[in-house]
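Here is the naming used below: chain letters follow the sequence lines, and residue numbers restart at 1 for every chain. Note that the coordinates shown come from a computational prediction; the quantities given were computed from them, not determined experimentally.
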Amino acid sequence: MSLLRPRVVFLAAFLVALSLVAAKAALGAFVSQCNYNAPTPSPNMYRDGSVTVALVARFEGYHWGGGCWNDNDVDEGPNEPLQTVSSGGEGGDCSGLTFKVWRESLNTGDGGHYQWGKLRNVHGPYSAASFKAGDGVPNATYSKVDATVMDAFASSTHIGMIYQRSTSGADQIIEAKCEACGTNIFTRTYRADSSYGGVRRMGWTG
Amino acid sequence: MRAIRADRRPLRLLGWCACGLALGAAAGVCAVAVATAVASGRSTSADRDPAGLIDVGHLPPLLRLAGEKVTLRFNVFCPARGDDPFGGAPCDAGGDVFVRAGGSDAFRQLPLRRTDDVADGRYAADVPADLAAAPEGFSYYAVLRNEATGASVTVPSGGAAAPQLSLLLDPAVEVDLGRHAFGSTRHADSRVADAAWGSAPGEVGLEHGPSFGPIGPSSFDVASNGEVSVLDQVNKRVERWRAGRTSGVVPVAVTGGIADMAVERDGSVDVLEPTSAGPTPELRSFDSSGKLQSKTPIDDRTWSQLRAGPQGPEVQQEPSEQWMPAQRGRSWLTRSAQGRGGHPGRALANGNELVVYRAGTSEARIAEVSGGRVKRSWRVTSATPLGEIQLAEPLGSRVVVVVRPYTETQDEFLVLVLGPRGVERSFSVDSADWAETAPLARFRLAGSSLYQLGSTPSGTHVDRFDLEVNR
């Protein structure tokens, strides 16, 4: 029996198209709930207030190149392919989370405060490496010894914000870490790790 | 005629193929639209109520010097009052600290005052001088509230049943390290495990992406017979080495995130996962063949380390900053039972506990505590900033401590063998930290040897350093 019968060809083509569309959409389904609203200028930016903003992203997953999440404590785009393309799932990546929590502008020359809604799909112009270098008017390199709540530690591939110092001398860090780790508060030893540098968001109200 | 029919057949097949692709794509789009609508409705309706969101940051002064003024400070993280709860303003919080001398008197209630110091904690209470000076130390817990919503959190989580303990260090053995000299590291006595990155037996997995990593094996442990177990969470297995050669591979059902691990005397393997299905991380226990025995959520939101204690695994948890038992006898403990069992130091086989406190930027305080009293203690100061204390463990009458001196561009590990008169032996070790591990999982002590889990771009290894002291 030949596989090149019309019905077989039709069925095979139908299934291929169906699975391709479904697979692409399954990963991109979450981002379709996001928006592209303009940010709201924010008069205040307190360190503890910004921690609360970061807590909304907790449990919402990790998504490379992402910057959009809701607040239902479920990662709605789990098990995405390993960081080869931005696939439209839920959650920020490390620099996207930092950009939003630090209320930065898409204009790297603007040091003002901008509130981005949790469902606003925005990553911002900075990579972990550019944060580490202190790129952009709002950001500056900073002494690791003196880094405190809502300052950050950044390497060439990752950035996480300080949540609280621990009795061991390690730090509790809030970060979007990796697909298997998600976005959460983890104990890390970035402070003493020479591949990490300190970064400070300038212009805190308090 | 037949020739013409044969010529048209490929065209007909192409037509059926195009038709199938078009209809398949259309069906896919319809299915996705329905699924998206369902998902959208589900996620919007299930958003968390901001009123319930509250968390705390607190650094307890576990070990103090006589005469130090004691102010307990807390940050409270909760939504701001008003129409814009996530507008960036701090929340309207408050609370009380309940303090008592030692562990037996009635608690005194101290209201927290609001300050402008977010770095150390916006909410503060000064411990009365008589309690701060009490020779048995003082114990306390705090209840923090969002005044706008009534949401509250207690720290440590065990509250009055397991308050935090703050002890006077004096008299401590003083150790002044001076300025650390980078670059004079000791070579290992032996490399007891060596593996290239990969997934084949004898190799260890590496995770690396454009915005994270590299992340290698996240933890390891060493048995008293020298057998090394490495948690290869990327490949979901534990690999074992004996006498420098691979001796076994045990598959384990782990999530693949950065986890800590402890191997118990009977060979069972405890893995402390970064996440779980619930709100707190999960401790998974496997028998020596890798069969899952239990999944136990831990009490607090965050962990820093897992160790096998004399009565079962114990986890150092945050924000409580206490070691909490996960098991008593054959029973795994509920979250609240773990909180009620919280204590400031790691439990030791002799019934005492070892309390560790990295004070300021360059000071390490270590005390062995028995019955709430300091039996022996050390105060280690350095002119070079100190990072985390990777390991603190008794070795006979001594204590082995591994700290991490650092500058903005350099770091090494410094091994100290502390005795009754100070440092008996010390040496530096290359940090060998190309790949990330669990935070406090780079060193283990077995017998009188120190083992280090290290990595380079070509692979991972475990090195042994003989401490050359008698137990």
So which of [options] has the largest heavy-atom pair count under 4.5 angstrom toward chain B?
options	result
A:T167, A:V149, A:I159, A:T141	A:T167
A:M45, A:R103, A:R188	A:R103
A:V74, A:L11, A:D146, A:D48	A:D48
A:V56, A:T148, A:T189, A:N44	A:T189
A:T40, A:V53, A:I185	A:I185

Side chain, backbone, both or neither: which part of [X] has an atom under 4.5 Å from a heavy atom of chain A?
X	value
B:D117	neither
B:P60	both
B:L53	side chain
B:R404	both
B:Q233	neither
B:A119	both

At a heavy-atom separation under 4.5 Å, does [X] approach chain B through its side chain, its backbone, both, or neither?
X	answer
A:F153	neither
A:A128	neither
A:D193	both
A:Y163	both
A:V101	neither
A:S194	both
A:S143	both

Any idea which heavy atoms bring [X] and [Y] closest together, and the distance?
X	Y	answer
A:A192	B:G387	CB-CA, 3.8 Å
B:I215	A:C178	CD1-SG, 4.5 Å
B:G257	A:A180	N-CB, 3.8 Å
A:Q115	B:F86	NE2-O, 3.3 Å

Side chains of [X] and [Y]: closer than 4.5 Å at any heavy-atom pair?
X	Y	result
A:V145	B:Y406	yes
A:R47	B:N75	no
A:N184	B:P274	no
B:I258	A:F186	no

Using a 3.5 Å distance criterion without hydrogens, assess whether the side chain of [X] forms a donor-acceptor pair with backbone atoms of [Y].
X	Y	answer
B:E408	A:K144	yes
A:Q164	B:H58	yes
A:T187	B:W303	yes
A:R191	B:E388	no

Legend entry - Note: B:D47-A:K118 ion pair, threshold 4.0 Å (strictly below): yes
Q) Do the side-chain N and O atoms of B:T302 and A:Q172 include a donor-acceptor pair separated by under 3.5 angstrom? A) no
Of B:P281, B:P50, B:C78, the largest count of non-hydrogen pairs under 4.5 angstrom with chain A goes to B:C78
Distance col, row B:E436:CD vs A:S195:OG, nearest 0.5 angstrom, shows 8.5 Å
